[in-house]
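Worth knowing before you read on, the calculation uses all heavy atoms, side chains too, and leaves out hydrogens, waters and symmetry mates. Everything numeric here is computed off the predicted structure, so don't read it as measured data. Proteins come first, then strands; the chains are lettered A, B, ... in the order of their sequence lines, and each starts at number 1.
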Amino acid sequence: MEMERQNDLNLKATELRLGLPGSDEQPEKRNNKRASSDMDNSSDGEKGDRECAPPTKTQVVGWPPIRSYRKNVIQAKKTEVDAAGMYVKVSMDGAPYLRKVDLKVHKSYPELLKALQNMFKCTIGVYSEREGYDGSEFAPTYEDKDGDWMLVGDVPWEMFSTSCKRLRIMKGSEAKGLGCL
Amino acid sequence: MSHDPAEMSEDDERPPPADRGRAEYADQVLENVLENVLVFLTCRRDRNSVSLVCKSWCRAEALTRSELFIGNCYAVSPARATERFERVRSVALKGKPRFADFSLLPPDWGAHFAPWASAMAGAYPGLEKVYLKRMSVTDEDLAVLARSFPRFKELALVCCEGFGTSGLAVVANHCRQLRVLDLIESEVTDDEVDWISFFPDGGTSLESLIFDCVECPINFDALERLVARSSSLKKLRLNRYISIGQLYRLMIRAPQLTHLGTGSFSPSEIVQQGDQEPDYASAFAACRSLVCLSGFREIIPDYLPAIYPVCANLTSLNFSYANINAAQLRSVISRCHKLQILWVLDSICDEGLQAVAATCKDLRELRVFPIDAMENNEGPVSDVGFLAIAEGCRKLQSILYFCQQMTNAAVVAMSNNCPDLMVFRLCIIPRYRADRITGEPMDEGFGAIVKNCKKLTRLAVSGLLTDRAFSYFGQYGKLVQTLSVAFNGDSDMGLKYVLEGCSSLQKLEIRDSPFGDSALLSGLHHYYNMRFLWMSSCRVTRRGCREIARQMPGLVVEVFSWNNNAQDRGEENDIVETLYMYRSLARRVDAPKYVEIL
């Protein structure tokens with residue numbers, strides 16, 4: 001999961017990030033290697049000129065060492081789900097009819113919220129872990145796999161997109177209850 | 001020079017005419033005696049030793065060797081091999097270097113079976129068995145096999161590509177004595193040929209039919225009839241296009257099976273409640289000899305209880321395509337007291353591994369594959385499950401373990417608890433990751449493995465490793481034959497330690513590690529003892545590689561990159577993208593344009 005520095009959700013200002021639960025700072029000693037493309041001919045053994053860790057989370061060819069055959073099989077299982085798209089119904093309080101949005105198309109919360117705001121011509125406002133969408137006219141909520149209504153933004157995007165069954169854009173006053181859990 | 005018939009002479013000189021008859025007669029007797037004795041010698045290493053005694057022993061050994069094993073198809077030319085060994089009935093050939101599996105070898109690199117097929121067609125009319133691994137095999141090659149060898153009995157294609165169902169049809173149809181047709185992790189093109197229908201009518205001698213890697217639908221009716229008329233069939237591994245209902249029908253026709261690959265292990269249509277389904281458990285119960293179970297390619301866990309009846313006898317279980325959780329695994333594994341080999345996905349979590357450790361006291365081989373291959377902070381399995389295995393499965397000989405986090409302590413524990421370890425392959429997925437708890441490099445853990453596991457022959461490392469780890473490998477890894485390194489080490493010293501210390505090293509594959517020319521040149525004393533050296537994205541230059549080629553004419557030194565072509569060779573001081581070098585008695589004549597042979 002990447003640390004998303006997103007303007008829209010203003011997460012950095014609140015020093016909150018969308019990451020896996022429990023994934024705090026790691027005492028990682030990534031102090032010795034640069035990505036192979038950056039290799040120069042500096043002499044060996046000099047820890048001084050070593051760069052920071054190579055880019056994380058990027059796909060490196062052939063790593064981890066899993067046979068293409070096995071990778072394809074597991075990938076194929078994932079793609080079957082992917083190809084179908086992930087359309088969920090979106091309702092907005094006060095709107096006469098529902099819409100549908102494909103969660104697969106949007107890769108992050110800011111994108112999704114932007115799309116919803118465009119679709120319904122509303123302002124959803126800024127997310128904070130403490131206050132939810134406090135202060136804005138509307139708040140996005142969703143029904144998860146267990147049938148509970150949750151506030152959009154609390155969990156990492158991947159977790160949200162796989163558990164979201166439908167969306168509902170609630171009036172701010174009603175959503176206050178959700179923000180206080 | 002006179003030729004003394006009482007000696008075993010290496011001399012090729014002809015004796016004076018007067019003595020020639022006696023000398024030749026004595027030689028002939030000796031060779032006949034030798035041949036009759038050597039026929040019983042099957043071990044490859046012993047045969048190689050025998051052939052070094054003297055010329056006449058070499059000849060006798062060559063005449064009696066019936067199983068030919070060639071670990072690198074480019075180490076010798078087909079002509080030379082077939083000239084030396086005249087009476088071969090079984091051939092095993094290995095082609096591409098292992099890193100080809102991970103897309104590190106550009107396509108069309110080589111390892112073509114064709115020249116071998118045609119050489120053998122002429123030389124070995126009695127050929128019965130062919131085993132190919134990582135070779136490029138075409139339909140035409142398969143046709144040559146089928147046409148040229150009337151006694152052909154066994155074909156195994158492991159990690160091969162280049163052929164399709166039309167090639168399989170020719171083999172099925174022409175090889176009337178076929179006992180074994182094993183397609184394992186190979187890429188098979190769907191030519192839309194119904195190859196199963198090409199087996200001849202009437203009883204077959206089939207003992208093993210493995211096609212779980214074939215990614216195209218099968219004519220089920222033809223398969224069912226084939227199984228029904230193959231009374232010797234012991235091993236059957238189905239592909240994922242076979243539903244559980246179809247599996248049932250096959251199992252009741254073949255209760256004598258010892259090895260079964262279950263196919264999809266799910267129904268072909270949505271099963272409604274109240275639908276009548278066959279009694280799958282009884283079909284399994286009827287297979288009293290079943291010891292090896294695999295498949296489960298699209299498993300619906302509800303059907304797992306069907307396999308309970310065979311669990312007590314299972315020695316090998318492959319769940320590595322089955323996305324099951326800890327509880328589901330436990331329901332099966334708690335019954336598998338005799339299990340020796342287990343392959344699983346990490347969906348079973350540390351908890352699942354604890355269940356394995358609790359029951360499978362006889363476990364020899366464990367492989368844990370990741371569902372999610374991305375680098376993460378956490379994963380479903382970690383040092384916790386690893387430690388449980390170390391404490392519970394003391395007879396472990398071989399482990400392959402993918403995880404996101406590991407500790408030195410857990411690895412040290414395994415080194416102390418599992419003295420029989422021969423193969424240790426630990427893949428910490430995030431590159432350069434340190435000990436989860438201490439933040440230190442993983443040097444001490446891997447070091448303990450080479451130090452304490454006195455039988456260790458194969459090692460694959462990962463995580464944050466400094467040159468110190470490599471010093472341990474060189475110091476203690478005296479039996480290590482195969483070593484895989486990726487994103488490890490600090491400097492040339494790392495590789496030097498290994499090349500100077502690991503006296504049994506045969507196969508060394510390294511990627512993305514800071515080893516350069518100085519390290520490369522420190523292995524000159526050893527490269528003729530090795531099968532190959534692979535170094536990609538390291539720091540060796542063209543100049544360094546050329547120096548090796550100059551000093552060691554018995555090596556083929558290949559240098560290549562994905563974007564290379566003949567016009568664009570690069571400077572001497574340029575770092576080469578990939579170096580692949582191997583001992584060889586032949587020159588490559590079929591290298592693609594992007595391969596430069598120095």
Give a yes-or-no answer on whether the side chains of [X] and [Y] include a donor-acceptor pair shorter than 3.5 Å.
X	Y	answer
B:Asp517	B:Thr541	yes
B:Ser491	B:Asp467	yes
B:Asn573	B:Arg543	yes
B:Asp443	B:Thr466	yes

Heavy-atom distances under 4.5 Å only: say whether [X] touches chain A with side chain, backbone, both or neither.
X	value
B:Arg98	neither
B:Ile429	both
B:Phe99	neither
B:Cys213	both
B:Glu187	neither
B:Ser484	neither

Go through the structure and list residues passing side-chain hydrogen bond (donor to acceptor under 3.5 Å, both in side chains) with B:Arg237, not counting sequence neighbours. B:Asp212

